[in-house]
Amino acid sequence: MMKTKILISTMIIVLSLTSCEKGFVETNGQLQVKGVQLVNRTGDPIVLRGLSYGWHNWWPRFYNEGTVKWLKEDWKVTVVRTALGVGVNSENAYFQNPDFSLEKIEAVINGAINEDIYVIIDWHSHQIFREEAVDFFSKMAKKYGHHPHIIYEIFNEPVHNSWEEVKAYSMEIIQAIRQFDPDNIILVGSPHWDQDVHLAADDPLTGFDNIMYSLHFYARTHKQWLRERGDYALAKGLPLFVSECASMEASGDGPLDFAEFDAWIDWMEKHKISWVTWSLADKDESCSVLYPSSASDGNWNEEDLKESGKLNREKFRVYNP
Ligand code: MG
């Protein structure tokens, strides 16, 4: 009897230890949208918090599994975002060098799958390239759509396109993805750098499940008026996902606005909105979180992190469980 008791207690301890070690995606599984809320496999609200990589064509050295592992273990992120550079005049961008580009973003995608965190595949463009995007997202959905880790962001930031144009484009890309992947989350952009969410709220996409709308902010430029626009969109039933944000002005440079960034985090947390910060790069600008001294594969010291790097890391470590 005593032996049985000991055996049962040991089994319980082993089982609870095993569940502690469960990965983040293993625990939460296939994401869904219920109303305006992102929820996990069991329908419980979930908030993802993590970092976006910078444009892959300019900062390819950080596109590897080592940085994903470091971001998960040391920065405690639960999501990363790969920014596929499209439509820029750069020898390593997707149209100029597709093989190199796919190798880079797939290193991060595979890293995220291995580390069991979520990953956003972001078409990092400011203009519409419909045919190329249909081709790209069809391939991604076919190859990765069975992994619950994957989130698609089909148009980083429209600039000059109207909501009607962005909506028509989005319908086509979503249909292409849904041929191969019936369920993973898809993020849709809106005019003016993903700030016109009120236009999407007045005329949303219909007929698809698990669609969310990206809202981007740079806290020193975009303040209470944009949060109020977000409130309007939520009240009209539009699910929001902050897939890019930072604490300085919209140029990505200049001083950090700590108070306004905190106001944004309070707003996002209050509404259980996921948030991803910009960006993993070592460019000489305040939004790039690293100094050029940083190793390419993680293991960064305090001295490698810029002020924004320290701020982001601290926030993830506070807010992520
Ligand atoms: Mg799927």
Side-chain angles (χ1 to χ4, degrees), residues 22-50 52-53 56 65 68 72 77-84 86 94 101-124 130 132-156 167 169-189 204-214 238-244 272-276:
K22 253 186 153 185
F24 190 72
V25 178
E26 192 185 359
T27 303
N28 290 291
Q30 187 72 44
L31 302 175
Q32 321 160 57
V33 179
K34 293 276 183 251
V36 294
Q37 182 62 54
L38 183 65
V39 301
N40 68 8
R41 164 174 52 212
T42 54
D44 296 320
I46 183 169
V47 181
L48 308 180
R49 306 172 190 90
S52 178
Y53 285 63
H56 90 277
E65 297 200 16
V68 180
K72 185 189 95 171
V77 305
T78 54
V79 61
V80 289
R81 175 179 184 244
T82 64
L84 179 73
V86 180
Y94 181 55
S101 303
L102 290 176
E103 184 192 313
K104 290 299 152 193
I105 66 153
E106 291 192 295
V108 172
I109 295 168
N110 290 323
I113 292 169
N114 290 337
E115 294 300 323
D116 210 32
I117 59 174
Y118 292 95
V119 55
I120 300 170
I121 304 177
D122 161 39
W123 181 257
H124 208 71
R130 194 185 325 99
E132 295 86 346
V134 164
D135 176 66
F136 171 77
F137 281 107
S138 301
K139 284 179 180 152
M140 289 292 115
K142 192 173 182 183
K143 189 163 180 181
Y144 295 107
H146 60 289
H147 292 286
H149 310 75
I150 305 297
I151 296 169
Y152 309 93
E153 183 170 0
I154 59 179
F155 192 169
N156 163 47
K167 187 180 179 186
Y169 163 88
S170 300
M171 299 259 292
E172 277 198 57
I173 310 302
I174 293 168
Q175 282 164 351
I177 291 172
R178 288 291 182 249
Q179 287 188 310
F180 301 104
D181 179 354
D183 48 10
N184 284 38
I185 303 294
I186 300 175
L187 307 182
V188 170
L205 289 153
T206 52
F208 304 105
D209 291 327
N210 297 337
I211 305 297
M212 302 187 86
Y213 295 79
S214 38
L238 202 76
L240 299 178
F241 192 116
V242 175
S243 54
E244 188 182 308
K272 296 191 173 72
I273 294 173
S274 296
W275 46 281
V276 176

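Counting starts at 1 for both ligands and their atoms, in listed order.
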Point to revise | Set of ring pair (Phe, Tyr, Trp, His ring centres under 6.0 Å) partners for Phe136, sequence neighbours left out | key: Tyr94, Trp123
Practice item. Using a cut-off of 6.0 Å, state whether more than 12 heavy atoms not belonging to Arg41 lie near its atom CZ. Key: yes
**Study point:** Check: Asn114/Glu65 side-chain N/O donor and acceptor closer than 3.5 Å
**Key:** yes
Review point. Shortest non-hydrogen contact from Arg178 to Asp183?
Key: NH1-N, 3.6 Å
Revision key, fill the gap. What lies under 2.8 Å from the Mg ion (ligand 1), restricted to protein N/O/S atoms, is Gly145 O, Asp181 OD1, Asp183 OD1, Asn184 OD1
Exercise for review: Compute whether any side-chain donor of one residue and acceptor of the other, for Asn184 and Tyr144, lie under 3.5 angstrom apart.
Suggested key: no
Check your understanding: Quick one: are the ring centres of Phe155 and Tyr169 less than 6.0 Å apart?
Key -> yes
